[in-house]
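These values consider heavy atoms only, across backbone and side chains, with no hydrogens, waters or symmetry-generated copies.
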Amino acid sequence: MTLRRNLGIISLFSLIYLAIATVTRTVLLAMVPKGSGLTVPLVAQAYAAGLLFDVASLAYLLIPAALYLILAPRRLVEHRKHAWLVRAAFLVIIAALIFGAVAEYFFFEEFATRFNFIAVDYLIYTGEVIGNIRESYPLVPIVGAILAVALILTRLLQGVIDRAAATTFSGRRRRLGAALLALPLAALLFVNISATAISANSYANELAGNGLYGLFAAFRNNELDFTRFYATRDDRQVMARLRDMVKERNNHFIASPPRMTRQITGEGREKRLNVIVVVEESLSAEFLGAWGDTRGLSPNIDRLAREALVFSHLYASGTRTIRGLEALTLSIPPLPGTSIVKRPDNGGFRSWGEIMKEKGYDTRYIYAGYGYFDNMNAFFSANGFDIVDRNSFAQDEITFANIWGVCDEDLFRKTIRESRASFAAGRPFFSMVMTTSNHRPFTYPAGTIDIPPKTGRDGGVKYADHAIGRFLAEARKEPWFKDTVFVFVADHCASSAGKTDLPVKKYEIPLLVYAPHHVKPGRVDRMMAQIDVAPTVLGLLNMSYTTDFLGHDILKADNRPERAFISTYQKLGYIEGDRLLILSPQKGVSLARFDRRSGATEPLPMDERLLQEALAWYQGANYIYKNRLNRIP
């Protein structure tokens, strides 16, 4: 009874927090697009589960209050100005809670999810993120409005706050504080983020969560232990099956199991051509006319598609730039948690860069921004690449930049200069070029296209297309152009939000290989994964090389089932034909059939053969990575 009477200020804070959390959930519900599949019973279930996570989050938020109740000296809490301290703390807390709710609104608008591992990265790279927010949103009015609302609420509730504080601090506050510390312990033991998975509808699952809880869960689970959280089979059987699945014609194993090291023998005379791989930020296939779009956003890419070898059925490995870079560089399926690019001890692998370096190529990773972001410089420099990032640009080489980096046109001009340097030195070059302009705040040089800057994704796509057209026009003037292969591929899609956890259609990205003197134009409709890009391009060059790649040369895989890999940071999808198998934490497995055109899915009973194949790829990739079996000895 004493504890209950002393809960005054704690009860007030708890009611306000739960009210804000409920209002936030309701606003996010209103943002869910039509046709999402949400029903009244499903929404009710989401609110019930959401309340559980709101209470769990509240338990963690009360830790500072509990410690203050225990540790604050008596002379402080009995001081006549202590009430002012409580009011000030309440003002700051209310402002912070409202700011969190507003931030979650904008995050959901951008990613259609609650706070997750992307938000964790945003907390780490505060310079870029704060700059992006300032360039994308009217930050001063938003923060001003939040402070005004917090001040008004605090003033209106001043009497209630004072009475609640007097009740709490005049009683047995240390006993109350100790009791409050038991709540986060209970939340840690009995509440798990996996409980947000209340259905197959991803929007319902997002509504069932809590942004703050999701943020800290993502922080804790940036690297998930595959053998602990996912369905598994015997490692020896898995590795034997994977070894059989990576075999292709014209290659043979040169290492004993469980290693996958193989010697690839090129078919015909090796073409010692330069290679420039342009990785386009967020360039979904759905925006491009060559893939069926009718808005006219990609005239240069559409023209290029008639002159290039087009791979029309490519799926992105994940939803982040570093996941795409991982797949392109290491040719390994996505592992749960964050990309290898951001993990410690991530160097010395037999990467695409190392293969080209062994062939005598100048190898560069050319990035529009500062390469410390997402640990890119550390990863690429440790895996065979020299770094050219924004620090490498002279002042007169930058005509336009935003917080993410220089504009695509400046980046491509830098790429041409670096290529000239290698050509002048008589060395072939291999460059992986990462763009940034097709990214919020969607700013680019005014007047370059007919869509004004800062008006949305369409402008970002059209400017990216414009820059590609300019790049190729300038490259054609260079003496090295005729002996250069240009590869254009996206890092990931613009959005992977959908009513299912892994909306297959939203993972479709373009791949074009352009070398008019060496690569015959055409169209390849065979399904492929991002991990297949490197071996396919190397196959076009007839290269002989040693590899630990798990991807296929798609042009030599006619006798194999079509397959691809897609993922979020927790869900791992394996596509074979028109079926999608999903591996999820807590040993979860599910199977569905999907329609490639509409993206619609229907559940299927589990197919053990397909499950074993998916585990061969994913569990096998995890085994190889954990034991560093794809490192150069």
Member of T319, L502, L572 meeting the side chain to side chain contact (heavy atoms under 4.5 Å, CB included) criterion with I566: L502
When the ring planes of Y213 and Y60 are compared, do they come out parallel, tilted or perpendicular, using 30° and 60° as the limits? tilted
Listed by chain and number, what are the side chain to side chain donor-acceptor pair (under 3.5 Å) partners of R413, not counting sequence neighbours? D410
Restricting to side chain to side chain donor-acceptor pair (under 3.5 Å), what partner residues turn up for E78, sequence neighbours left out? R74
Is the backbone of M376 close enough, under 3.5 Å, to the side chain of D374 for a donor and an acceptor to pair up by distance? no
D465/S298 under side chain to side chain donor-acceptor pair (under 3.5 Å): CA gap, chis, key distance, verdict: CA-CA 5 Å; D465 174 83; S298 57; 4.9 Å; no
Mind listing the side-chain donor-acceptor pairs of residues 101-108 below 3.5 Å, one per line with the distance, residues two or more places apart or on another chain?
residue: E104; atom: OE2; partner: R114; partner atom: NE; Å: 3.4
residue: E104; atom: OE2; partner: R114; partner atom: NH1; Å: 2.7
residue: E104; atom: OE2; partner: G211; partner atom: N; Å: 3.4

Side chain to side chain donor-acceptor pair (under 3.5 Å) with E397: which residues, sequence neighbours excluded? K414, R417
For R295, salt bridge (Lys or Arg N to Asp or Glu O under 4.0 Å) partners two or more places apart: D293, D458
For T443, give me all partners under side chain to side chain donor-acceptor pair (under 3.5 Å), at least two apart in sequence or on another chain. N402
Calculate, to the nearest 0.5 Å, the distance between atoms NZ and CZ belonging to K454 and F442 respectively. 12.0 Å
For D450 and K462, what are the C-alpha separation, side-chain angles and deciding distance, and is it a salt bridge (charged side-chain N to carboxylate O under 4.0 Å, His left out)? CA-CA 9 Å; D450 58 2; K462 193 159 191 177; 3.0 Å; yes
State, with a plain yes or no, whether a side-chain heavy atom of P445 is found less than 4.5 Å away from one of C407. yes
Is Y68 atom OH crowded by more than 12 heavy atoms from other residues, nucleotides or ligands, each under 6.0 Å away? yes
